[in-house]
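Residue numbering restarts at 1 for every chain, and letters A, B, ... go by the order of the sequence lines.
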There are 2 protein chains.
Amino acid sequence: MKWTELQTEACPVARGLSVVGDRWTMLVVRECFFGIRRFDQMQERLGITRHVLADRLRKLEADGVLRREAYQQRPLRHEYRLTDKGKALYPLLVTLIDWANTHVPAEGGSSVTLMSRETDEPIQPVLVDARTGSQITHRTVRARTREA
Amino acid sequence: MKWTELQTEACPVARGLSVVGDRWTMLVVRECFFGIRRFDQMQERLGITRHVLADRLRKLEADGVLRREAYQQRPLRHEYRLTDKGKALYPLLVTLIDWANTHVPAEGGSSVTLMSRETDEPIQPVLVDARTGSQITHRTVRARTREA
DNA sequence: TAGGTAAGTTCCCTTTCGGAACCCTTATGG
DNA sequence: CCATAAGGGTTCCGAAAGGGAACTTACCTA
């Protein structure tokens, strides 16, 4: 199976990864959540080659995760902003940060900590069911495969 | 920056992606959560080349996400199982499934639905703070960057 | 007019990937 | 005792993607 064929897969994991499963894509999304909007800033902060960054931004725009907007005329310049679909990736980003902070230790500790804006205390993310409030684990939930 | 240098990055997003940011890795992890443990089964179900699958399994084992265990002698055969670190990826997988089900529609609907084992009803995953129970969004949480 | 800024594009070379064939160990059947 | 099959890989090739660095285009400023 080729990578580009994943998009039309029935499995949502494959479909999701066809958008954000690339090596660089979630790092670009991270930068957007941090408020970085310009090409050169991203390129410098990420250490990605300009070539690949241009390609990722194009794909993210085509997939509706980012929106390209002119922020000045003469010379015409664009910046990149998260769409609603892109903003909906926040839980995924937070979950990834939490997993890495717990299970992939860095020398000298993590450089990013998640803080509540309200209480200014560190938060502890947990995935729960909106209906019942009970925690979601592989023991309490099963993934039902629809036999088409 | 090269991909292999991400592992030692300070940013947890980069560290996390150094483990699961590959095109195929989360699909392999998905198979493990579905109970698939054998090389040939994975290869057939995923449509990945044997070459790349062998490489990913090696890396996942080296990263402590999977454990390689003999399930028979003569001839010696191994299977792959999730470690605790691997099982801790469940919320990431669920969050990805939920995002894709909502934002990356498939023709004919999603093939995978998340169901509660207890009530047998579909679940709606939400990420909340364990302490306060309030929902985590990019409005309520900020990522504090530690200036080393 | 020289230099600077922002957002890309082009070129070259290396690494990775997809596809298919091959290998090794042991069990099974004729 | 030779052929075939199962399971878990490895090897080889050509194609695609990625890293690095230089170049381009359009404007602005000194």
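Counting to the nearest Å, the P atom of D/dA6 and the CD atom of B/Glu44 are 12 Å from each other. Atom CD of B/Gln43 and atom C1' of C/dG19 are 11 Å apart (whole Å). One atom, CD of B/Gln72, and another, P of C/dA27, lie 9 Å apart when rounded to the nearest Å. Nucleotide C/dC17 holds its P atom 15 Å from the CG atom of B/Leu46, rounded to whole Å. Atom P of nucleotide C/dT5 and atom CZ of A/Arg38 are separated by 14 Å, given to the nearest angstrom. Atom C1' of nucleotide C/dT25 and atom CD of B/Gln73 are separated by 13 Å, given to the nearest angstrom. Taking atom CD1 of B/Ile48 as the reference point, atom C1' of D/dG9 lies 13 Å away to the nearest angstrom. As a whole-Å value, the separation of A/Glu79 CD from C/dA7 C1' is 13 Å.
In the hydrophobic clustering, B/Val126 connects to A/Val126, A/Val128, B/Val128, either directly or through intervening members, whenever side-chain heavy atoms lie under 4.5 Å apart. Counting side-chain heavy-atom gaps under 4.5 Å among Ile, Leu, Val, Met, Phe, Trp and Tyr, B/Met115 is found in no cluster with other residues.
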Please set out all donor-acceptor pairs under 3.5 angstrom arising from side-chain atoms of residues 71-80 of chain A, sequence neighbours excluded.
| residue | atom | partner | partner atom | Å |
| --- | --- | --- | --- | --- |
| A/Gln72 | NE2 | A/Pro75 | O | 3.0 |
| A/His78 | ND1 | A/Arg68 | NH2 | 3.2 |
| A/Glu79 | OE2 | A/Arg81 | NE | 3.0 |
| A/Glu79 | OE2 | A/Arg81 | NH2 | 3.3 |
| A/Tyr80 | OH | A/Arg68 | NE | 3.4 |

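Interface remark: the A/Arg77 side chain does form a donor-acceptor pair with the C/dA6 base, using a distance-only criterion of under 3.5 Å.
Every residue two or more places apart in sequence or in another chain that forms a salt bridge (charged side-chain N to carboxylate O under 4.0 Å, His left out) with B/Lys59 is listed here: B/Asp55. Residues forming a salt bridge (charged side-chain N to carboxylate O under 4.0 Å, His left out) with A/Asp120 (at least two apart in sequence, or on another chain): B/Arg142.
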Give me the distances for all protein-to-nucleotides 8-16 of chain C N/O pairs that come in under 3.5 Å?
| residue | atom | partner | partner atom | Å |
| --- | --- | --- | --- | --- |
| C/dG8 | OP1 | A/Arg68 | NH2 | 3.2 |
| C/dG8 | OP2 | A/Tyr80 | OH | 2.7 |
| C/dG8 | N7 | A/Arg50 | NE | 2.8 |
| C/dG8 | N7 | A/Arg50 | NH2 | 2.8 |
| C/dG8 | O6 | A/Arg50 | NE | 3.1 |
| C/dT9 | OP2 | A/Arg58 | NH1 | 3.0 |

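When the nearest nucleotides of DNA chain C are assigned to A/Leu76 and B/Val52 by heavy-atom distance, the more 5′-ward of the two goes with A/Leu76.
Of the listed nucleotides (D/dG20, D/dC27, D/dG8), D/dG8 has the atom at the smallest distance from the side chain of B/Tyr71.
A donor-acceptor contact closer than 3.5 angstrom is absent between the side chains of B/Ser134 and B/Asp129.
A sub-4.0 Å separation between OP1 or OP2 of C/dG18 and a side-chain N or O of B/Trp24 is present.
No side-chain donor-acceptor contact under 3.5 Å links B/Trp99 to the backbone of B/Val104.
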